[in-house]
Amino acid sequence: MNSLDYINNMPHGVIAIVGSGKTFKSGTLYSLLEYCPEFKSRRKAFYKFPYVTKLFPKELLGYSVDDYDDVEPDSICIIEDANRIFPSRASSKSVDLQEFLGLISHKDILIMLTIQNTSNTDVAFFRDQDVVMIHKKMNMTAVSYERDEFKMNCERGNYLIDQIADSQRVPVHYVSYLPRFGEVLVLDHPPSWYGYDQSHALRDYKIHKKEAAE
């Protein structure tokens, strides 16, 4: 079974797309929603993500959630730039994340997250569930700060992504490395609706939310 077939048939688990900024992590995530036919009928829960109905077509079946309990069973839970919400020690401060991850197999929830460095993301995402890592290009300084268990795959991904992009004459951002399958994946047909607004969806995101005027 190749990587796309496996991902397409994942009822639950975690798909983590890791790479430096603007390496088409989000584009790869949304491309997978198109390339995997089993994903089309599943609702997409966008966790703490703005403007879902404005940014995505109705047929994507997207909805916004701000709480774990609002993620419906059988959904795909999308977490963009996960470390903004779940930094490296998030689960040491609250058991909520660990409890949620423990339940996704019962609820048939598949989590898809984008991250720039696994060292900045809570390790709970990589521990308990079926995890598929998808590597995009990563700058070498970032690689030097990666978790030891992922560093070699980041380095190998950088090499193979450049090699395949060059040999197949495709833009490098369409190419991904999946170490679990020993496979380089080329997804060169992103959704027709995907563009600047989706790739910069957090452009107006505020780190410090302003309190409502009294």
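Numbering of residues begins at 1 and proceeds along the displayed sequence.
Between Tyr196 and His200, the ring planes lie parallel to each other; the angle is under 30°, not in the 30° to 60° tilted range. Classified by interplanar angle (parallel below 30°, tilted 30° to 60°, perpendicular above 60°), the ring pair Tyr68/Tyr47 is parallel.
Residues Met133 and Thr118 have side chains in contact (heavy-atom distance under 4.5 Å, counting atoms from C-beta outward). Taking the side chain as every heavy atom from C-beta outward, Leu187 and Leu32 approach each other to under 4.5 Å. The closest side-chain heavy-atom distance from Val71 to Ile111 is not below 4.5 Å. At a threshold of 4.5 Å between non-hydrogen side-chain atoms, the residues Leu4 and Cys36 count as touching. A 4.5 Å side-chain heavy-atom check between Trp193 and Glu34 finds at least one atom pair inside the cut-off. A heavy-atom distance below 4.5 Å is not found between the side chains of Asp81 and Tyr205. Using a 4.5 Å heavy-atom cutoff, the side chains of Val18 and Glu146 are in contact. Counting heavy atoms from C-beta outward, Pro11 and Glu38 have side chains that stay 4.5 Å or more apart.
The two residues Val186 and Gln168 come nearest to each other via the heavy atoms CG2-OE1, 3.7 Å. The two residues Ala142 and Asn139 have their closest heavy-atom pair at N-OD1, 2.8 Å. When all heavy atoms of Thr141 and Ser144 are compared, the pair lying nearest together is O-OG, 2.5 Å. Pairing each heavy atom of Pro37 with each of Asn8, the nearest pair is N-OD1, 3.2 Å. Across every non-hydrogen atom of Gly62 and Val52, the tightest pair is C-CG1, 3.9 Å. The two residues Ser3 and Glu183 make their nearest non-hydrogen contact at OG-OE2, 2.9 Å.
Among residue pairs with one or both ends in residues 157-181, those qualifying as salt bridge (Lys or Arg N to Asp or Glu O under 4.0 Å) are Asp130-Arg180, Lys137-Asp162; sequence neighbours excluded. Residue pairs meeting the ring pair (Phe, Tyr, Trp, His ring centres under 6.0 Å) criterion with at least one member in residues 144-170, sequence neighbours excluded, are Phe126-Phe150.
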As a quick check of understanding, evaluate side-chain contact (heavy atoms from CB on, under 4.5 Å) for Asn2 and Phe181, giving each step before the final call.
CA-CA 7 Å; Asn2 65 28; Phe181 303 91; over 6 Å; no

In sequence, state the C-alpha distance, the side-chain angles, and the governing distance for Leu33 and Phe56, and then conclude on side-chain contact (heavy atoms from CB on, under 4.5 Å).
CA-CA 12 Å; Leu33 299 182; Phe56 302 103; over 6 Å; no

Using the side-chain contact (heavy atoms from CB on, under 4.5 Å) rule, take Glu72 and Tyr63 through it: C-alpha gap first, then chi angles, then the decisive distance, then the call.
CA-CA 10 Å; Glu72 299 174 3; Tyr63 64 104; 3.4 Å; yes

Kindly determine whether Asp197 and Tyr51 satisfy side-chain contact (heavy atoms from CB on, under 4.5 Å), including the steps that lead there.
CA-CA 10 Å; Asp197 288 344; Tyr51 316 123; over 6 Å; no

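Under a hydrophobic clustering in which Ile, Leu, Val, Met, Phe, Trp and Tyr are joined whenever their side-chain heavy atoms come within less than 4.5 Å, directly or via other members, Leu103 and Val14 fall into different clusters. Cluster annotation: Ile115 and Tyr30 are assigned to distinct hydrophobic clusters (Ile/Leu/Val/Met/Phe/Trp/Tyr, side-chain heavy-atom contacts under 4.5 Å, transitive). Residues Ile109 and Val132 are members of separate hydrophobic clusters, defined by side-chain heavy-atom contacts under 4.5 angstrom among Ile, Leu, Val, Met, Phe, Trp and Tyr. No path of Ile, Leu, Val, Met, Phe, Trp and Tyr side chains, each step under 4.5 Å between heavy atoms, connects Leu61 with Ile76, placing them in separate hydrophobic clusters. Both Val131 and Leu101 belong to a single network of hydrophobic side chains, linked directly or stepwise wherever heavy atoms of I, L, V, M, F, W or Y lie under 4.5 Å apart.
Note that the NZ atom of Lys25 and the OG atom of Ser176 stand 11.0 Å from one another [nearest 0.5 Å]. Put simply, CG on Asp70 and OG on Ser64 are 10.5 Å apart, with the number rounded to the nearest 0.5 Å. The CZ atom of Arg42 sits 7.5 Å away from atom OG of Ser75, with the distance rounded to the nearest 0.5 Å. Residue Leu113 holds its CG atom at 9.5 Å from CG of Asn83, rounded to the nearest 0.5 Å. Note: Ile17 CD1 to Leu29 CG = 4.0 Å, rounded to the nearest 0.5 Å. Atom CD1 of residue Ile104 and atom CG of residue Leu110 lie 7.5 Å apart, to the nearest 0.5 angstrom.
Here Phe86 and Phe100 keep their ring centres 6.0 angstrom or further from each other.
Lys151 NZ: more than 12 foreign heavy atoms inside a 6.0 Å radius.
For the residue pair Ser26 and Glu80, a side-chain donor N or O sits within less than 3.5 Å of a side-chain acceptor on the partner.
Under a 3.5 Å cut-off, the side chain of Lys107 and the backbone N or O of His12 do not form any donor-acceptor pair. Within the 3.5 Å criterion, the main-chain N or O of Glu59 finds no donor-acceptor partner in the side chain of Lys40. Side chain of Asp122 to main chain of Ser91: a donor-acceptor pair is present (N/O by atom type, distance under 3.5 Å, no hydrogens or angles). Checked by atom type and distance alone, the side chain of Tyr174 never pairs as donor or acceptor with a backbone atom of Ala165 at under 3.5 Å.
Just one residue in the list Val172, Leu185, Val175 forms a side-chain contact (heavy atoms from CB on, under 4.5 Å) with Ile164, and that residue is Val175. Results of the side-chain contact (heavy atoms from CB on, under 4.5 Å) test with Lys136 over Thr23, Asn158, Thr114 single out Thr23 as the only residue that passes.
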